[in-house]
Amino acid sequence: ESVTGIYVRFIVGTDPGTVISYQYTDTDGVQIAGTALAVYVADTQQAYMVSIESPADQADASPKIFEEVLNSIQFFAPAP
């Protein structure tokens, strides 16, 4: 199975992250398009990953949904 992708630096709030957009074919032969973000929050010393996947023929809606999720993310220190 082959996965292709493009990595891009991204900022979530004030924290740097890396975004990859990728495509692959699942075991049923369906072409899948996805985007994943990994971000490390130095203030809390925690890392997070957020991703979205959809069949390639529905992928046009994914960037807007993913952007709305990223715009709503707030990082805070965990409760003791």
message: Holding to side-chain hydrogen bond (donor to acceptor under 3.5 Å, both in side chains), I want the full list of residues that pass it with Q58, two or more places apart in sequence or in another chain.
response: none
message: I need the full list of ring-ring contact (aromatic ring centres under 6.0 Å, His included) pairs touching residues 53-73, with sequence neighbours left out, sorted by first then second residue.
response: none
field: Side chain proximity check, T35 to I20, heavy atoms < 4.5 angstrom
entry: no
For S54, side-chain hydrogen bond (donor to acceptor under 3.5 Å, both in side chains) partners two or more places apart: S62
field: Contacts of D28 that satisfy side-chain contact (heavy atoms from CB on, under 4.5 Å) - sequence neighbours left out
entry: D26, V30
field: Residues that Q31 engages under side-chain contact (heavy atoms from CB on, under 4.5 Å), provided they are two or more places apart
entry: Q23, T25, A56
query: Does the side chain of Y40 come within less than 4.5 Å of Q45's, by heavy atoms?
result: yes
message: Measuring only between side-chain heavy atoms, which start at C-beta, is T18 closer than 4.5 Å to L37?
response: no
query: With sequence neighbours left out, what residues match Y48 under ring-ring contact (aromatic ring centres under 6.0 Å, His included)?
result: F75
